[in-house]
Amino acid sequence: MELILLNIGLAVHHADWNYKNVNSPFARIYLVTEGAAKLHLPECTYHLQPGHLYLIPPFTRHSYECDAFFSLYYIHIYEEPSPNRRILEDLIYPVELKATHTDCLQVKRLAQINPGRELKQYDPSAYDNTPQLMQNINLHGQNPLHIIMETKGILFQLLSRFLEHAKDKYTTTDTRIRKTIRYIRKNIEKRITMEELTSICFISKDHFIRLFKKEMQITPVQYIHQKKIERAQLMLTTSNQAIKDIAYSLSFDNVYYFNRVFKRITGITPSEYKNNL
């Protein structure tokens with residue numbers, strides 16, 4: 001489990017924190033210090049309050065609304081891709097928590113030991129892009145080892161506050177399905193067939209599809225598409241590859257089909273997603 005700090009800083013806004021349809025491959029933690037604003041998520045709207053922590057997982061479309069004075073600490077966290085469990089993507093977290101005194105001290109300490117990680121501009125299109133993301137990932141590796149360890153320790157402690165109340169996004173108890181999930185993640189760039197997956201489980205195709213849907217609440221094909229599109233979002237953000245090259249690298253038959261699946265899952269086309277970066 002590899003967590004990388006991308007940005008941290010204290011932002012002061014004067015009715016200028018108004019951005020729509022933000023969607024990134026990294027997570028955000030906010031500690032609100034003063035004022036009020038709104039966070040619009042797909043399921044509901046949150047009224048951001050001082051003394052509270054907020055968590056926005058990666059690949060979560062959201063919008064900000066602020067019409068007065070507002071200040072907050074922001075923390076951007078990137079989790080390295082892994083075929084195994086991903087703490088930021090595989091769980092459903094509470095969005096809002098009351099911050100403790102220790103939480104506030106940890107956020108301030110995180111900012112203190114990571115100078116120069118402040119955003120130069122607060123518009124997500126200015127920092128949520130390939131060059132800036134890669135630069136921040138590289139900065140992480142340039143820190144002294146003790147700073148890297150303390151940074152990770154604080155990030156884990158802050159996340160543990162949300163983790164205490166989190167639930168598995170996919171509550172599978174069947175070892176056969178867990179094996180296929182690991183296989184899908186490990187081979188997400190390849191063309192994955194039902195025959196490959198059923199051979200892992202040693203059951204018939206129809207039985208496997210029924211079992212997978214019972215455990216995961218989606219079909220195997222839907223799950224494969226979801227993970228491929230999440231990888232595509234990451235590639236669109238962290239590389240300069242053309243959309244057609246990304247589609248082919250993820251083993252889609254053609255760009256048209258890739259575009260259709262991408263829009264069905266994210267609500268926008270790959271071109272629109274890339275233009276919003």
Side-chain angles (χ1 to χ4, degrees), residues 3 5-79 86-108 110-111 117-119 121-128 154-170 226 230 233 237 265-268 273 276-277:
L3 298 181
L5 175 70
L6 299 175
N7 302 106
I8 181 168
L10 176 64
V12 178
H13 297 284
H14 297 275
D16 59 351
W17 197 54
N18 295 281
Y19 303 105
K20 294 183 177 181
N21 298 322
V22 181
N23 193 350
S24 304
F26 56 81
R28 293 161 161 84
I29 292 180
Y30 295 136
L31 171 63
V32 178
T33 54
E34 294 182 77
K38 293 179 183 178
L39 168 64
H40 300 285
L41 291 172
E43 65 275 10
C44 67
T45 294
Y46 290 85
H47 295 263
L48 306 187
Q49 306 174 64
H52 285 72
L53 290 168
Y54 296 88
L55 172 63
I56 306 174
F59 306 114
T60 302
R61 184 168 296 280
H62 59 283
S63 301
Y64 309 116
E65 184 181 348
C66 173
D67 59 7
F69 175 80
F70 179 64
S71 67
L72 77 166
Y73 279 97
Y74 54 85
I75 303 171
H76 297 166
I77 307 169
Y78 176 69
E79 184 176 15
R86 298 192 71 188
I87 190 172
L88 291 173
E89 290 182 32
D90 293 347
L91 298 169
I92 300 173
Y93 291 93
V95 174
E96 180 183 49
L97 290 176
K98 176 71 175 176
T100 67
H101 179 63
T102 301
D103 294 332
C104 298
L105 292 177
Q106 287 177 329
V107 170
K108 291 176 182 178
L110 191 63
R117 297 297 187 91
E118 301 88 352
L119 295 171
Q121 300 181 53
Y122 296 127
D123 184 344
S125 64
Y127 63 79
D128 193 359
I154 294 174
L155 292 179
F156 279 124
Q157 288 185 72
L158 290 172
L159 280 173
S160 72
R161 295 272 286 112
F162 293 91
L163 191 62
E164 181 182 358
H165 308 283
K167 298 178 181 179
D168 281 313
K169 188 178 292 184
Y170 307 111
Q226 180 178 312
E230 287 178 1
Q233 288 177 265
T237 307
I265 291 175
T266 68
I268 57 175
Y273 183 88
N276 288 336
L277 294 178

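Panel note: side chain Y54, backbone Q49; a donor-acceptor pair is recorded below 3.5 Å. Checked by atom type and distance alone, the side chain of S63 pairs as donor or acceptor with a backbone atom of N21 at under 3.5 Å. A donor-acceptor pair is defined here as one N or O able to donate and one able to accept, closer than 3.5 Å; no such pair exists between the side chain of S24 and the backbone of F26.
L55 contributes atom CG, which lies 10.5 Å from atom CG of L163 (distance to the nearest 0.5 angstrom). One distance of note links NE2 of H40 with CZ of R61; it measures 14.5 Å at 0.5 Å rounding. Between atom CD of residue E65 and atom NZ of residue K20 there is a gap of 8.5 Å, rounded to the nearest 0.5 Å. Separation of atoms CD (Q233) and CZ (F59) is listed at 5.5 Å; rounding is to 0.5 Å. To the nearest 0.5 Å, the span separating CG on L88 from CZ on R28 amounts to 12.5 Å. Separation of atoms SG (C104) and CG (L53) is listed at 7.0 Å; rounding is to 0.5 Å.
Here the two rings, on H76 and Y74, have centers that are under 6.0 Å apart.
For the pair L72/E34, no side-chain contact is recorded, criterion being any heavy-atom separation below 4.5 Å from C-beta on. Side-chain contact between Y78 and L3: absent, with no pair of heavy atoms (C-beta onward) separated by less than 4.5 Å. Taking the side chain as every heavy atom from C-beta outward, Y64 and N18 never approach each other to under 4.5 Å. Put simply, the side chain of L39 reaches to within 4.5 Å of the side chain of V95, judged on heavy atoms. L6 is not listed as a side-chain neighbour of I77, based on a closest heavy-atom distance of 4.5 Å or more. Residues T60 and N23 have side chains not in contact (no heavy-atom distance under 4.5 Å, counting atoms from C-beta outward). Side-chain contact check for Q106 versus Q157: some heavy-atom pair is nearer than 4.5 Å. By the 4.5 Å heavy-atom criterion applied to side chains, T33 and P50 are not counted as neighbours.
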Check against side-chain contact (heavy atoms from CB on, under 4.5 Å), R161 and T100: CA-CA 10 Å; R161 295 272 286 112; T100 67; 3.6 Å; yes
From CA spacing to verdict: side-chain contact (heavy atoms from CB on, under 4.5 Å), E118, N7: CA-CA 6 Å; E118 301 88 352; N7 302 106; over 6 Å; no
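Evaluated for a side-chain contact (heavy atoms from CB on, under 4.5 Å) with L110, the options L31, I154, L105, I29 yield exactly one hit, I154.
Between Y30 and W17, the angle of the ring planes goes over 60°, which puts this pair in the perpendicular group of the 30/60° scheme.
Counting non-hydrogen atoms of neighbouring residues, nucleotides and ligands closer than 6.0 angstrom, the CG atom of D16 exceeds 12 such neighbours.
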